[in-house]
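First comes the structure, then the notes that go with it.
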2 protein chains.
Amino acid sequence: MTGIDDVDYRILELLMDDARRSYRDIAEEVGRSPPTVSERVERLTEVGVIERFTLDVDRSRLVEGPTVLVDLAVQPGSEATVVEDLTDAPAVEHVIRTVDAAVVFVAHANERDVEELLSETLGDERVREYRVRLVSDRTWEPRLDEETLAIECVVCGKSVEGSDESVALGDRTYEVCCSSCASEIKDQYDALQQAASE
Amino acid sequence: MTGIDDVDYRILELLMDDARRSYRDIAEEVGRSPPTVSERVERLTEVGVIERFTLDVDRSRLVEGPTVLVDLAVQPGSEATVVEDLTDAPAVEHVIRTVDAAVVFVAHANERDVEELLSETLGDERVREYRVRLVSDRTWEPRLDEETLAIECVVCGKSVEGSDESVALGDRTYEVCCSSCASEIKDQYDALQQAASE
DNA sequence: GATGAAATTAGTTCAAG
DNA sequence: CTTGAACTAATTTCATC
């Protein structure tokens, strides 16, 4: 089974609004039974559409250390590893990679601590240039767009609706549109495993 | 009662990581009983530290427009309203304001749709300059800062620790540090109500 | 895919320290 | 502020459609 239908969509909306809402409530809202809701939520999580259940905290109410926004120009080709290393750094919260070899990230640190973070975590070879700005405010509005309706094939981007291929690799399941894309992703995964074990 | 202690802090961290984690689990982690956890979560919600329980959805799995990162230089003084208006825009997901009159946001839109968004939502008066970059990858690990320990007065910003003033206005409770700040916020609220009803 | 009933777990209330 | 115990409610399992 694959693709998101109206029921899934509505479940996502309801959980976005209150992630602790009971499955009974949701079941009533969407006209299904609690076990069905439970099962769908599980599937949505497995497929990766639901990344996590989380909390939205009003940081303006808390006395916090400074938050900075860092704009980073990296050595072309090193974007992927930079994103990976930054994500693992404890002070770093949000990492955004753009197509022009830039990586923007939000971290909880002093402006001057960033230098240390960059040289220690990334090393000078991968960083070309950077700019640090103090963050004064942040907002996040989780929302689904109206058009948001189908899952797309992780390989080719086509809609996955109707097909029934999924590939379990490591601890994740990937939805694909056809068997050709399925073997494509399997090959990629194997190559990565190979590389990692050498 | 007021102020956030280590136990509250740890509860927030645990819920951020998994907002559906059971209060029993949390109770065990923090060395308290389930009713205590339940009560503290309720208090944190009332006081406004917890804004909502929500879901983090992987939008890149869903068929929708590309994701862009927009760097905006705004007219000094208009930062607050710009943040507000952007937050309300449906395509905009994450807004970050920096201290140098810059606003950076992540939106789901075509690069060229951003122009429309900016001129329609913000108007030319508030936007000085902008730059749009296509996002290719993003990670987000919400986190609280280590120092996060006290609630601050919503009026004057001083720590509210030790005092015991709170003001119920509308459907929210505001924590303040003293009776003077309490009447300050009441006045503001009344003025707003007045304005809204006219 | 979906469900009702049963079994298991979770959450809340409350009297008491 | 906290808790254990009792009670109420939610979730999962599973046999069945």
Side-chain angles (χ1 to χ4, degrees), chain A residues 1-50 52-55 149-151 159-168 171 173 175-177, chain B residues 1-50 52-55 148-151 159-166 173 175:
Chain A
M1 182 277 108
T2 247
I4 295 192
D5 63 14
D6 293 3
V7 173
D8 289 325
Y9 182 74
R10 188 91 188 90
I11 291 173
L12 288 175
E13 277 191 326
L14 290 166
L15 284 175
M16 253 177 189
D17 185 57
D18 177 6
R20 276 191 94 90
R21 189 184 298 248
S22 81
Y23 289 173
R24 263 189 197 200
D25 262 25
I26 297 172
E28 223 160 280
E29 288 282 344
V30 303
R32 290 290 188 293
S33 70
T36 298
V37 173
S38 164
E39 190 195 289
R40 278 172 180 254
V41 170
E42 203 172 298
R43 186 175 54 80
L44 287 167
T45 306
E46 227 154 53
V47 156
V49 170
I50 294 177
R52 63 158 84 72
F53 292 82
T54 190
L55 216 54
L149 280 172
I151 301 182
S159 169
V160 110
E161 188 77 55
S163 90
D164 202 5
E165 294 273 339
S166 69
V167 187
D171 52 2
T173 304
E175 301 294 325
V176 291
C177 64
Chain B
M1 179 286 100
T2 247
I4 296 191
D5 64 13
D6 293 3
V7 173
D8 289 326
Y9 179 75
R10 188 88 188 93
I11 291 174
L12 287 175
E13 278 191 325
L14 290 166
L15 284 175
M16 245 177 194
D17 184 56
D18 177 5
R20 274 192 97 90
R21 188 185 300 245
S22 82
Y23 289 173
R24 267 171 203 229
D25 261 25
I26 296 172
E28 222 160 282
E29 288 282 344
V30 303
R32 292 290 188 291
S33 70
T36 299
V37 173
S38 166
E39 191 196 287
R40 279 172 178 254
V41 169
E42 205 171 296
R43 185 175 56 80
L44 288 167
T45 306
E46 229 153 51
V47 154
V49 171
I50 294 178
R52 59 151 100 69
F53 291 82
T54 189
L55 217 54
T148 308
L149 281 172
I151 301 183
S159 170
V160 109
E161 189 74 55
S163 90
D164 203 1
E165 296 272 340
S166 68
T173 305
E175 301 294 324

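Residue numbers begin at 1 in each chain, while the letters A, B, ... track the order of the sequences.
- The CG atom of B:Asp5 sits 7 Å away from the P atom of D:dT2 (whole-angstrom rounding).
- Between the CG atom of B:Asp25 and the P atom of D:dA10 there is a distance of 19 Å, rounded to whole Å.
- Between the side chain of B:Arg20 and the backbone N or O of A:Ala19 there is at least one donor-acceptor pair closer than 3.5 Å.
- In this entry the distance linking CD of A:Glu28 with C1' of D:dA9 reads 14 Å, nearest Å.
- Distance from the side chain of A:Tyr23 is smallest for D:dT11 among the nucleotides C:dT3, C:dG11, D:dT11.
- The structure places CZ of A:Arg43 at 9.5 Å from CD1 of A:Ile50, a figure rounded to the nearest 0.5 Å.
- Among C:dG4, C:dG1, C:dT13, the nucleotide with an atom closest to any side-chain atom of A:Arg40 is C:dG1.
- Proximity note for A:Glu39 (side chain, C-beta onward) versus D:dT2, D:dT12, C:dA2: the nearest is C:dA2.
- Listed pair A:Ser38 / D:dT12 meets the phosphate criterion, a side-chain N or O lying under 4.0 Å from OP1 or OP2.
- Overall bending of the helix from C:dG1-D:dC17 to C:dG17-D:dC1, expressed as the angle between end axes built from five pairs apiece, is 30° (10° steps).
- Between A:Arg20 and C:dG11, a side-chain N or O to OP1/OP2 separation shorter than 4.0 Å is present.
- The only option from A:Val41, A:Leu14, A:Thr36 that meets the side chain to side chain contact (heavy atoms under 4.5 Å, CB included) definition with A:Ile26 turns out to be A:Leu14.
- Taking CG of A:Leu55 as the start and CZ of B:Arg52 as the end, the distance is 10.0 Å to the nearest 0.5 Å.
- Closest to the B:Pro34 side chain, of the nucleotides C:dT12, C:dG11, C:dA2, is C:dT12.
- Of the candidates D:dA10, C:dA10, D:dG4, D:dG4 carries the atom nearest the B:Pro35 side chain, counting heavy atoms from C-beta on.
- The main-chain N or O of A:Asp17 is never found under 3.5 Å from a side-chain atom of B:Thr54 such that the two would form a donor-acceptor pair.
- Taking atom CG of residue B:Leu15 and atom C1' of nucleotide C:dG11, one finds them 14 Å apart after rounding to whole Å.
- The CZ atom of B:Arg10 sits 13.0 Å away from atom CZ of B:Arg32, with the distance rounded to the nearest 0.5 Å.
- In this entry the distance linking CZ of A:Phe53 with P of D:dT11 reads 11 Å, nearest Å.
- Between the CG atom of A:Asp8 and the C1' atom of C:dA2 there is a distance of 14 Å, rounded to whole Å.
- One can place CZ of A:Arg21 at 12 Å from P of D:dT11, the figure rounded to the nearest angstrom.
- In this structure, B:Arg24 places its CZ atom 9 Å from P of C:dT9, rounding to the nearest Å.
- B:Ser22 comes within contact range of the sugar-phosphate backbone alone, with a heavy-atom separation under 4.0 Å but no base atom that close.
- When every heavy atom of B:Tyr9 is checked against every heavy atom of B:Ile4, the shortest pair comes out as N-CG2, 4.0 Å.
- Mapping A:Glu42 and B:Val7 onto DNA chain D via the closest heavy atom, the residue that lands nearer the 5' end is B:Val7.
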